[in-house]
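Contents: one structure, followed by commentary.
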Amino acid sequence: MRKRIPQAEPYSQLFVEFENTAGAFLTLMRHLSGGDLAAHNCRIKDIIGEGDKIVFRRHGTSTAIDVTSVIFSFAGIPEATLRANKDGKTQRLSIRNFMPTIVVDEVSVIEEQSPVLGRPSYDNTARERMFAFMLSGKDDRGVVAAERRDIATARLNAQLDVIIDLLTPLEQRLDQVVAESPDETIERVDASIASVAESLSQFEDEREGLMNERQAATENMQRAESQLIAIEELLSRYRLLDERYSSDLGRLDFISEGAHYFDGLQEIKCALCDQLMTPEHAHVAAGSSETIYASARAEASKILAQRLDLENAVASLISRRVAQNEEKLSTQKNILRANTRLNSIIQPAIQTNVERLQSLLDRRIYLEATRSDREQLEGLRAKKDEIERAAESRRPAKREWEALPGKALRAFCNEVEFVLREWKWSGTGRVEFDSKKYDIIVDGQARQSHGKGVRAVLYSAFIIGLLRYCSNNNLPHIGFAIIDSPLTSYKKKGVQIKGADGPIDLGVEAAFWESLKRVSAGIQIIIVENKEPPADVAAAVQYEWFAGDTASPGDRVAFIPVPGPAGPFI
């Protein structure tokens, strides 16, 4: 399988059971992961052992038993040889050639493709001859292929095809190229790129210099601010020290003035020790008031000297503060100047130059690509002319091949007309075959020119008519056809189908269902459809309803059966 889905996970093998008109059974088994197949000449439920190994596909000149040989033998289809091209080369008929006429998916049934050729492919000739084989029972065995062209001619033709494939996109691109100015050359653009790059480099260098200058100025400003903070702290402390000196000098003045009154006091307390002053008091005994005066003056003189030093230190700090303020203002001006130039001149200039440089580079790439395309176009055209001249002398005469058998083709169209009458076709139902498109024309209108719904009905009529024609005339056919959604136009997002959509005539739809009740026992028609058939039709045919998510106990959920307690097929 190309992809695994959740419902297939319980399984590892795929079984397909066939029954022919003789009542014999054939079951093919293949592992879901791929590989070769095994064939069992019995029903699925009766399989014993591994079966006969068959290869999935033959390669080259192999004669191994493959799927085609087993199914064709079981269906009574002889080995056949089909013409594969107009030169008469032949190939073996395989089951793949039959696919467009026996398995029709929900997209193919409404597309404009031929029911014989299917989707565009390399093997159209083989499928055309397969259709002729189905109509007449005669293959192309014995066709003599035209003499092969010599190796040189084959090589020239192959080169010519490649060159044409290369020329087409080149010519389309150059047709869209806007005419260039004669002065605009790659060399001039290169000179402009160099000039802009040099200017950009200069601005980048200046920006780097300004950023370094701003960084240095920022560091200087931060250093000046830290110095100012330190100076302010010192000045604050010096003011406190000066206040202390003033307090000490006042205290000394008080002591010297108080000593004058010591002798006149009766009982006083000492200003120094807060004790009553008596003749035996230690301070009185230590000396007279002159001694106190002298000591106070000496102490005051020392304090005044220290205070003078303090004033000098304060003056020095104030001078340093002024200098640091000036340094701070200077660095702020430098930062402002750098920022102004960066933001107003350098950055816009760099941005402009970058945009200009990018534009020039894009233009340079465009011009270079255009020049390369022109040079390549000229070279390819010259080579094409050379190859055509060389191949002209070796070109063989065109071969004419037999057309489709007219009598058999008319009989097939009659069978399709019978199907359309059975389906209550609204027109006369006259069917003709278009040998160019390998499709039918009904009542003078090509099948492809109808809307999707009618195309699906006519495609189904073609497939069923071909099946009936081959069955009635004992001509090669697998014996069954599978048609997906012949009555319901396929709709899916992302899938584009040409042609207008429209409802299928209710009379045709009803007659379609009714016709399934009269299918011959020798053929099988499998319809996969979203619309449910009428009850009498469902009762008359083998009807399988897939209930999906709404399945009740006993209902079949989907095509892949849900494994039961007794095995996957219960």
Side-chain angles (χ1 to χ4, degrees), residues 112 119-122 152-219 333-392 492-498:
E112 297 180 3
R119 293 186 175 89
S121 175
Y122 65 91
T153 302
R155 183 173 62 253
L156 290 175
N157 286 337
Q159 291 175 350
L160 186 61
D161 290 339
V162 172
I163 288 175
I164 291 174
D165 290 341
L166 294 174
L167 278 173
T168 301
L170 281 175
E171 291 171 343
Q172 291 176 350
R173 285 202 301 270
L174 289 175
D175 287 343
Q176 298 174 358
V177 171
V178 180
E180 304 167 6
S181 171
D183 296 334
E184 186 180 34
T185 63
I186 293 179
E187 291 72 18
R188 288 181 178 272
V189 173
D190 285 340
S192 299
I193 290 174
S195 175
V196 173
E198 182 180 358
S199 175
L200 182 61
S201 177
Q202 292 175 354
F203 281 116
E204 290 284 357
D205 291 342
E206 184 176 356
R207 180 178 68 173
E208 185 176 359
L210 287 171
M211 293 179 69
N212 291 336
E213 180 182 339
R214 184 176 64 181
Q215 178 66 25
T218 301
E219 292 175 356
K333 290 180 180 179
N334 290 337
I335 292 173
L336 180 60
R337 179 183 59 80
N339 285 336
T340 300
R341 183 160 180 80
L342 279 171
N343 296 330
S344 62
I345 298 176
I346 302 301
Q347 287 297 119
I350 289 176
Q351 181 65 28
T352 300
N353 278 274
V354 167
E355 293 174 356
R356 174 63 175 160
L357 183 61
Q358 185 61 51
S359 176
L360 288 171
L361 289 173
D362 292 342
R363 189 60 181 170
R364 206 262 186 221
I365 293 172
Y366 174 78
L367 292 175
E368 183 67 32
T370 302
R371 174 191 285 182
S372 176
D373 285 348
R374 286 200 177 99
E375 292 174 352
Q376 189 177 4
L377 181 66
E378 293 174 1
L380 288 173
R381 282 176 174 171
K383 189 65 177 177
K384 177 174 177 287
D385 293 340
E386 178 185 345
I387 293 173
E388 287 177 341
R389 287 194 299 270
E392 188 65 31
K492 184 176 181 182
K493 184 177 181 182
V495 176
Q496 300 295 328
I497 304 296
K498 296 180 180 179

Distance check, rounded to the nearest 0.5 Å: Leu357 atom CG versus Ile350 atom CD1? 12.5 Å
If I take atom CD1 from residue Ile335 and atom NZ from residue Lys333, how far apart are they, to the nearest 0.5 angstrom? 13.0 Å
Identify each donor-acceptor pair in which a side-chain atom of residues 205-212 lies under 3.5 Å from a protein atom, sequence neighbours left out, and give them as a table.
from	atom 1	to	atom 2	distance (Å)
Glu206	OE2	Arg341	NE	2.4
Glu206	OE2	Arg341	NH2	2.8
Arg207	NE	Glu204	OE1	3.4
Arg207	NH1	Gln347	OE1	3.2
Arg207	NH2	Glu204	OE1	2.5
Arg207	NH2	Glu204	OE2	3.4
Asn212	ND2	Glu208	O	3.2

One should read off an interatomic distance between Ile346 CD1 and Thr340 OG1, to the nearest 0.5 angstrom, of 11.5 Å
Counting only N and O atoms by type, is there a donor-acceptor contact under 3.5 Å from the side chain of Thr218 to the main-chain atoms of Arg214? yes
Once you round to the nearest 0.5 Å, how far does CD1 of Ile163 lie from CD of Glu386? 8.5 Å
Holding to salt bridge (charged side-chain N to carboxylate O under 4.0 Å, His left out), I want the full list of residues that pass it with Glu375, two or more places apart in sequence or in another chain. none
Test item: Ser195 side-chain N/O and Ala191 main-chain N/O as donor-acceptor pair under 3.5 Å: no
Grab the two heavy atoms, one from Ala217 and one from Asn334, that are nearest each other, plus how far apart they are. CB-CB, 4.1 Å
Please report the interatomic distance CG(Leu200) to CD(Gln202), rounded to the nearest 0.5 Å. 9.5 Å
Salt-bridge present (Glu368, Arg364; N to O < 4.0 Å): yes
Least distance between heavy atoms, Asn353 atom then Ser199 atom: OD1-OG, 3.5 Å
Rounded to the nearest 0.5 Å, what separation is found between the CG atom of Leu167 and the NZ atom of Lys384? 7.0 Å
